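Pasting in a structure now, in structure tokens, and then I'll have a few things to ask.
Proteins get letters first, then strands, A, B, ... in listed order; numbering begins at 1 in each. Everything quoted here is computed from the prediction, not taken from an experiment.
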2 protein chains.
Amino acid sequence: MATRTAAGRRAEAKVEYDAFMAQCKSRRLLDRLTDKWVTLVLCTLGEGDLRYSEISRHIAGVSQKMLTQTLRSLERDGLITRTVTPTVPVTVEYAITELGRSLLVVVGQMKAWAETHMDQVQVHQDDYDRRTA
Amino acid sequence: MATRTAAGRRAEAKVEYDAFMAQCKSRRLLDRLTDKWVTLVLCTLGEGDLRYSEISRHIAGVSQKMLTQTLRSLERDGLITRTVTPTVPVTVEYAITELGRSLLVVVGQMKAWAETHMDQVQVHQDDYDRRTA
DNA sequence: CAGGATCCGTTCAGATACTG
DNA sequence: CAGTATCTGAACGGATCCTG
């Protein structure tokens with residue numbers, strides 16, 4: 001049986017889709033921004049270098065697991081740097097890179113759209129909810 | 001006991017954070033764009049009005065559940081319109097709105113950043129992976 | 001101080017079956 | 001054709017305990 005079922009066809013389509021997505025730069029960026037804490041951390045570091053505990057305090061509600069995870073992925077992407085100073089106890093400072101700062105611009109543009117249009121979106125939502133209530 | 005434990009303090013912080021987030025327009029926009037299929041659907045409809053099955057075919061790998069869910073939320077936000085024509089069987093056409101089209105611009109800017117910088121990100125990632133391997 | 005490792009509940013997305 | 005309803009496995013995020 002050479003994948004002729006509906007599920008089979010969908011599976012095929014999914015493979016194609018995944019391959020497409022893996023190549024799609026926009027999508028990969030989106031997956032990054034998608035991350036709940038990425039933008040927050042980026043914005044926080046945009047205002048100045050900070051230590052782990054300082055970031056933790058600056059961003060309310062983040063668990064240390066998620067913060068560490070986020071910082072690691074940002075470092076991996078070259079959007080921030082992590083500098084360890086071997087004092088006792090150890091000191092770790094995070095800073096945004098040039099690349100990270102350029103992304104901050106994009107985030108800013110999104111912010112601008114949001115501030116200009118989200119009220120309209122809200123109106124539409126309320127309207128929709130009222131109609132479907 | 002007036003929430004004095006570590007967990008209690010985090011819970012408090014989380015409530016503050018959630019309240020902040022609910023008010024944060026940028027974040028709400030991000031949550032929207034975050035959605036796996038939103039940008040795809042938006043881009044697809046940006047090229048012309050389409051029917052449900054046409055969108056389904058155009059976007060590989062999307063399940064009908066996710067597609068319906070995505071279309072509903074976009075309609076709720078006023079980013080697309082849904083027009084039902086009572087033929088037999090019924091015909092449903094989706095179209096992007098002005099609001100949706102303005103968001104498309106933002107998506108385009110993100111796409112531009114991605115195309116300009118994602119190669120660099122890739123280099124950083126490979127570098128990072130090589131160092132930590 | 002700055003995490004690593006682990007457990008666990010919730011949430012999400014896909015598969016399947018059914019409807020007007 | 002264009003969905004709705006339901007079930008389930010996988011992924012995600014949080015809590016907790018432990019280390020250099």
What is the distance from CG of B/D31 to C1' of D/dG13, rounded to the nearest Å?
15 Å

Pairs touching residues 25-52 of chain B that satisfy ring-ring contact (aromatic ring centres under 6.0 Å, His included), sequence neighbours left out
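Every ring-ring contact (aromatic ring centres under 6.0 Å, His included) pair that includes a residue of residues 25-52 of chain B, provided the two are not neighbours, is A/Y17-B/W37.
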
Identified side chain to side chain contact (heavy atoms under 4.5 Å, CB included) partner of A/L40 from the options A/D35, A/L67, A/V62, A/I59:
A/I59

Under the criterion salt bridge (charged side-chain N to carboxylate O under 4.0 Å, His left out), I'd like the reasoning laid out for B/D126 against B/R130: C-alpha separation, chi angles, the key distance, then a yes or no.
CA-CA 6 Å; B/D126 294 346; B/R130 197 171 35 68; over 6 Å; no

Using five pairs at each end of the helix from C/dC1-D/dG20 to C/dG20-D/dC1 to define an axis, what is the angle between those two axes, to 10°?
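Comparing the first five pairs with the last five, the axes sit 40° apart.
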
Which letter, B, S or -, goes with each nucleotide of nucleotides 2-7 of chain C from 5' to 3', with contact meaning a protein heavy atom under 4.0 Å?
SSB---

ILVMFWY network linking B/I55 to B/V90, side-chain heavy atoms under 4.5 angstrom:
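Same cluster.
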
Looking only at heavy atoms, what is the nearest atom pair of B/L29 and A/A114, with distance?
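Between these two residues, the closest heavy atoms are CD2-CB, 3.8 Å.
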
Any ring-ring contact (aromatic ring centres under 6.0 Å, His included) involving residues 81-122 of chain B? Give me the pairs, sequence neighbours left out, ordered by first then second residue.
B/W113-B/H117

Report the residues that fulfil side chain to side chain donor-acceptor pair (under 3.5 Å) with A/T87, sequence neighbours left out, ordered by chain and then residue number.
A/T91

Taking atom C1' of C/dT10 as reference, at what distance in whole Å does atom NZ of A/K36 sit?
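Atom NZ in A/K36 sits about 12 Å away from atom C1' in C/dT10.
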
With B/Q125 via side chain to side chain donor-acceptor pair (under 3.5 Å) - residues at least two apart:
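If we apply the side chain to side chain donor-acceptor pair (under 3.5 Å) test to B/Q125, skipping adjacent residues, the hits are A/D77.
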
Quick check on DNA chain D: between A/P89 and A/M66, whose nearest nucleotide comes earlier from the 5' end?
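Residue closer to the 5' terminus by nearest nucleotide: A/M66.
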
In this structure, how many angstroms lie between the C1' atom of D/dG3 and the CD atom of B/Q69, rounded?
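From B/Q69 CD to D/dG3 C1': 13 Å.
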
